[in-house]
Amino acid sequence: MRPRRSRATVVTVTVTVAAAVVAAAALGGCAAPGYDASKVQRELERAGATPEQARCVTDAMENRFDLNELGSHSSPTSREVALARAILVKCGVSLSPRR
């Protein structure tokens, strides 16, 4: 059983997860060309997502975005950010309120 996290920790983790997903979708990992689902999953897990949530997110992103989009180095559009947030919610990743 996982220890219970404080609200501040949950907010920090969810902001980090959201940022990781959006950045991964938009930038595809600047250090290497192309999209690497395993790398995105590892980053999501490091940010606090479970392995199942991380797989759910990458699977959903691959179904919603073209792989070329996922591997591009452009900034995400507001539509892409909204889709990434919806994917996080669908996969059970809690999000902090938008600021």
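Everything numeric here is computed off the predicted structure, so don't read it as measured data.
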note = For Arg42, the salt bridge (Lys or Arg N to Asp or Glu O under 4.0 Å) test, sequence neighbours excluded, returns none
key: Interatomic spacing from OG1 in Thr58 to CG in Asn63 - rounded to 0.5 Å   = 9.5 Å
Those residues that, when tested against Asp66, pass side chain to side chain contact (heavy atoms under 4.5 Å, CB included) (two or more places apart) = Asn68, Glu69
request  = Determine the minimum heavy-atom distance between Ala54 and Ala49, stating which atoms define it.
outcome  = N-CB, 4.5 Å
ask   = If every non-hydrogen atom of Val93 is compared with every non-hydrogen atom of Val57, which pair is closest and at what distance?
value = CG2-CG2, 4.5 Å
Heavy-atom pair with the smallest gap, counting every atom of Glu62 and Leu67 = CG-CD2, 4.0 Å
task = Sequence neighbours left out, what pairs pass salt bridge (charged side-chain N to carboxylate O under 4.0 Å, His left out) with at least one residue falling in residues 44-57?
result = Glu43-Arg46, Glu52-Arg55
ask   = Once you round to the nearest 0.5 Å, how far does CG of Leu44 lie from NZ of Lys39?
value = 12.5 Å
message = Please find the pair of heavy atoms, one from Ala60 and one from Lys90, that lie closest to each other, and give the distance.
response = CB-NZ, 4.0 Å
ask   = About how many Å separate CG of Leu88 and CE of Met61, when rounded to the nearest 0.5 Å?
value = 8.0 Å
